[in-house]
Every structure is written in C-alpha cells, then in structure tokens.
Amino acid sequence: REMKTFESDREKLLVDMKKNEDLISACSITSEQHAKETDEDRKEVDGLVATAATLRLRALEVSREIERVNQEREKLREKQHALEDEIISKLSNEIAAKTERTKFDSKSI
C-alpha cells in the first residue's frame, strides 16, 4: 500500500511538474510576446519622435523663409516709395519749369 501511495504521490508530482512546466512555458511565450510588442512600440515611438523633430525643423525653416520674404517685401516697399517720391519730385520740377517758361513767354508777348 505504501508503494502505491508513493506511486500516486510520484504521479501527482510528475503531473504537477508538467503543469508547472506548461505554466512556465506559457509565461515565457507571453513574456517574449510582450517584449516583442514593447520593442515594436518603442520603434513606433522612435519613428514618431523623429517625424516630430523633422516637422519642427521644417516649421523653423518655413518660419525663417517667411521672415526673409517679409524683409524683402519691406525693402521693395521702401524702394517703391523712394521711386514714387523721385517721380513726383521730377514731375514737380518739370511743372515748375514749364510754369516759369509760360510766365516768361506771356510777359514777353
């Protein structure tokens, strides 16, 4: 009878060991899957961080280009005003000269 109990205990122990091995194996598979998913998540996050950095750099470049264009526009506006002032001055001088000639011509007639 002791032998049968031992056999029974031995069988129970073997069954328990098998269950434990199966559980360890399942945990290992789950752990590996989790590590794989974590690695994939990390790669995705790294990609998103790189994309965000690229977008920030591009936004900075665009901002600088807008500033450069605005400065160029302001220079052109100043140049336009200077040309307008020059044209007005020349036309005023021509009108004044013609007016003087007209006065002189009317006096001599």
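The closest side-chain heavy-atom distance from R73 to V69 is below 4.5 Å. Counting only heavy atoms from C-beta outward, the side chains of R42 and D39 approach each other to under 4.5 Å. Residues E74 and E78 have side chains in contact (heavy-atom distance under 4.5 Å, counting atoms from C-beta outward). Counting heavy atoms from C-beta on, the side chains of R64 and E67 never come closer than 4.5 Å.
The main-chain N or O of C27 is never found under 3.5 Å from a side-chain atom of S31 such that the two would form a donor-acceptor pair. S89 places no side-chain N or O within donor-acceptor distance of the main-chain N or O of D85, the cut-off being under 3.5 Å. The closest donor-acceptor contact from the side chain of T54 to the backbone of A50 lies under 3.5 Å. S28 places no side-chain N or O within donor-acceptor distance of the main-chain N or O of I24, the cut-off being under 3.5 Å. Judged purely by atom type and a 3.5 angstrom limit, T30 uses its side chain to pair as donor or acceptor with the backbone of A26.
Distance check: H34 NE2 to T38 OG1 gives 3.5 Å after rounding to the nearest 0.5 Å. Interatomic distance, L14 CG to E21 CD, rounded to the nearest 0.5 Å: 9.5 Å. Atom OG1 of T51 is separated from atom CG of D46 by 10.5 Å, given to the nearest 0.5 angstrom. With rounding to the nearest 0.5 Å, the separation of CG in L91 from CD in E86 is 10.5 Å. The structure places CD1 of I88 at 11.0 Å from NE2 of H81, a figure rounded to the nearest 0.5 Å. Taking OG1 of T102 as the start and CD1 of I95 as the end, the distance is 11.5 Å to the nearest 0.5 Å.
Salt bridge annotation for E32-K36: absent, with no cationic side-chain nitrogen under 4.0 angstrom from a carboxylate oxygen. Between R68 and E65 there is a salt bridge, since a side-chain N of the basic residue sits under 4.0 Å from a carboxylate O of the acidic one.
K19 pairs in a side-chain contact (heavy atoms from CB on, under 4.5 Å) with only one of the listed residues (L23, D22, V15), which is V15.
Enclosure of atom CD in E44 is not indicated, since only 12 or fewer non-hydrogen atoms of other residues, nucleotides or ligands lie within 6.0 angstrom.
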